[in-house]
Amino acid sequence: MSEAPANIKKYNVSPIWKKSVQSKTRGLGKPTYLSIATVDAENAPLNELFLYRGFAGEDKDGETGWESDLLVSTCDKRTFKIADNATFVATWVVDDDNHFRIVGKAHALGQDVNSTDDITHHIARKKLSKILKGDGADGDSSSSEDEDIGDKISNATKSFLKRIKSRMHRHGKKKTFDWEDERMRQWHELSDDARASYAWPAASGQPKAAEQEELPRIESLAIGETDEEGYFKTVEDKDKQALLDQGYENFVVVFLEVLEIDHHAVSERQRTVYRKEGAEWAAVPVNA
């Protein structure tokens, strides 16, 4: 696993713009998409829609013990075209009143796809006091964090923590963030209907070949239990397990590193640009 750059002593994974994004997206009750303009591997212009899935390592409905400032989305590797570490500009209309414009870099992780080497410092172990008392608290984490948050975690996060503990048992490592663990967690977080699409004979948006019309296209693909290492499995259903394995091979997680973010609160006629100044972020009011 890569280390944080030497000039980054302690990276702030909770910048001021993050609270703005979280407050405007909390409780929406509907999907919200980022329209991303970037380039593909051949440097040709590209525009893609990505569903906002929160922040890397974080569970909006529970607790993982980690926090980050990386926005997350997912896609199918059969249609994924963004170049490694490509710079992007995104327009994000969260609702009628909150518009964001983001400049950043896209990093992807999937089978035979991995551009996460430069973003390890964007995620950090969450302090136990922050978990128990809220984001504003200070304090040190303890060795029993997982037990303390045990009643707060989802099935996806249980799988995530199982994988971390499995690596610790096998290799004697301390708790470190692993991007493949996060990819697995995001796979668990998908709805059964969305998960099924990754096992279709052709990805969404791809042409239908004549032979593909004869193949079954499942509409729902649920995950049953997980093994001791956090890997998904079904109970005595080899066909379904094969579909889960096939779908996971096609599953790619995209991490969006934010370099600048512009928030326009339309009804309030207020616009704020968040820019990095050294190691810290500054909020700069601008004309709406």
Side-chain angles (χ1 to χ4, degrees), residues 28-34 48-64 70-82 106-114 116 153-166 178-256:
L28 271 180
K30 63 178 181 179
T32 177
Y33 294 84
L34 294 85
E48 297 280 1
L49 281 179
F50 283 97
L51 176 64
Y52 167 68
R53 293 192 178 278
F55 286 86
E58 299 183 18
D59 185 342
K60 67 181 186 303
D61 297 320
E63 186 56 74
T64 66
L70 296 167
L71 301 173
V72 178
S73 189
T74 56
C75 65
D76 194 309
K77 77 172 185 179
R78 295 171 291 182
T79 56
F80 181 70
K81 300 177 182 178
I82 297 178
H107 309 267
L109 178 65
Q111 183 166 304
D112 303 322
V113 179
N114 188 353
T116 60
I153 59 179
S154 64
N155 288 333
T157 296
K158 287 177 182 177
S159 170
F160 174 75
L161 295 175
K162 275 184 181 180
R163 288 175 64 84
I164 291 176
K165 288 180 178 179
S166 174
D178 185 274
W179 296 103
E180 186 59 35
D181 295 349
E182 174 65 3
R183 177 173 171 243
M184 180 71 73
R185 190 180 72 85
Q186 293 291 339
W187 177 246
H188 277 263
E189 290 282 11
L190 295 177
S191 68
D192 294 347
D193 293 353
R195 192 179 301 109
S197 69
Y198 289 90
W200 289 352
S204 178
Q206 286 187 320
K208 286 185 177 180
E211 63 272 16
Q212 290 172 345
E213 295 179 0
E214 304 300 322
L215 296 174
R217 195 178 91 164
I218 58 170
E219 299 301 328
S220 181
L221 185 58
I223 292 177
E225 302 176 0
T226 58
D227 61 22
E228 291 182 356
E229 295 188 0
Y231 194 79
F232 52 86
K233 65 178 183 178
T234 58
V235 180
E236 298 178 355
D237 190 338
K238 293 182 179 180
D239 291 338
K240 186 176 179 182
Q241 184 63 50
L243 288 170
L244 281 168
D245 293 338
Q246 177 184 331
Y248 191 62
E249 288 183 7
N250 294 326
F251 182 65
V252 173
V253 178
V254 182
F255 303 100
L256 302 176

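Quick caveat: nothing in here was measured; it's all calculated off a predicted structure.
Residue Trp200 comes nearest to Glu219 through the heavy atom pair CZ2-OE1, 4.3 Å, listed as atom of the first residue, atom of the second, then distance. Here the closest heavy-atom approach between residue Val252 and residue Ala108 is recorded as CG1-CB, 4.0 Å. The shortest non-hydrogen separation linking Val72 to Ala56 is CG2-N, 3.1 Å. Minimum heavy-atom separation, Ser220 to Ala196: N-CB, 3.6 Å. Considering all non-hydrogen atoms of both residues, Ala199 and Ile218 come closest at CB-CD1, 4.5 Å. Considering all non-hydrogen atoms of both residues, Tyr198 and Leu190 come closest at CE1-CD1, 3.8 Å.
When atom types are taken as modelled, the side chain of Asp59 and the backbone of Thr64 share no donor-acceptor pair closer than 3.5 angstrom. Between the side chain of Arg195 and the backbone N or O of His188, at least one donor-acceptor pair lies under 3.5 Å.
Note that the CG atom of Leu49 and the OH atom of Tyr33 stand 8.0 Å from one another [nearest 0.5 Å]. Here the CG-CG distance, from Leu256 to Leu34, works out to 6.5 Å after rounding to the nearest 0.5 Å. Atoms OH and OG1, on Tyr52 and Thr32 in that order, are 9.0 Å from each other to the nearest 0.5 Å. A distance of 9.5 Å separates OH of Tyr248 from CD of Gln111, quoted to the nearest 0.5 Å.
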Test side-chain contact (heavy atoms from CB on, under 4.5 Å) on Phe251 and Gln186; report intermediate values, then the result.
CA-CA 9 Å; Phe251 182 65; Gln186 293 291 339; 3.9 Å; yes
When you look at Phe55 and Leu70, which way does the side-chain contact (heavy atoms from CB on, under 4.5 Å) test go after all the steps?
CA-CA 5 Å; Phe55 286 86; Leu70 296 167; 5.8 Å; no
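Evaluation of the side-chain hydrogen bond (donor to acceptor under 3.5 Å, both in side chains) rule for Ser73 yields no partner, not counting sequence neighbours. Listed by chain and number, the residues in a salt bridge (Lys or Arg N to Asp or Glu O under 4.0 Å) with Arg183 are Glu180 (sequence neighbours excluded). Considering only residues two or more places apart in sequence or on other chains, Glu58 meets the side-chain hydrogen bond (donor to acceptor under 3.5 Å, both in side chains) condition with Lys18.
Considering only heavy atoms from C-beta on, Cys75 comes within 4.5 Å of Val254 through its side chain. Contact of the Phe50 side chain with the Thr74 side chain is not registered, since no non-hydrogen atoms from C-beta on lie closer than 4.5 Å. Under the 4.5 Å side-chain criterion, counting only non-hydrogen atoms from C-beta, Leu109 is in contact with Thr116. Here the side chains of Ile223 and Trp187 are in contact, with some heavy-atom distance below 4.5 Å. Between Leu244 and Leu221 the shortest side-chain heavy-atom distance falls below 4.5 Å. Looking only at side-chain heavy atoms (C-beta outward), Glu189 and Arg53 stay at 4.5 Å or farther from each other. The side-chain heavy atoms of Val253 and Trp179, taken from C-beta on, include no pair separated by under 4.5 Å. In this structure, Phe255 and Glu182 have side chains that are in contact, with non-hydrogen atoms separated by less than 4.5 Å.
No hydrogens or angles considered: nothing links the side chains of Asp193 and Ser191 as a donor-acceptor pair under 3.5 Å. A donor-acceptor pair shorter than 3.5 Å cannot be found between the side chains of Asp237 and Gln241.
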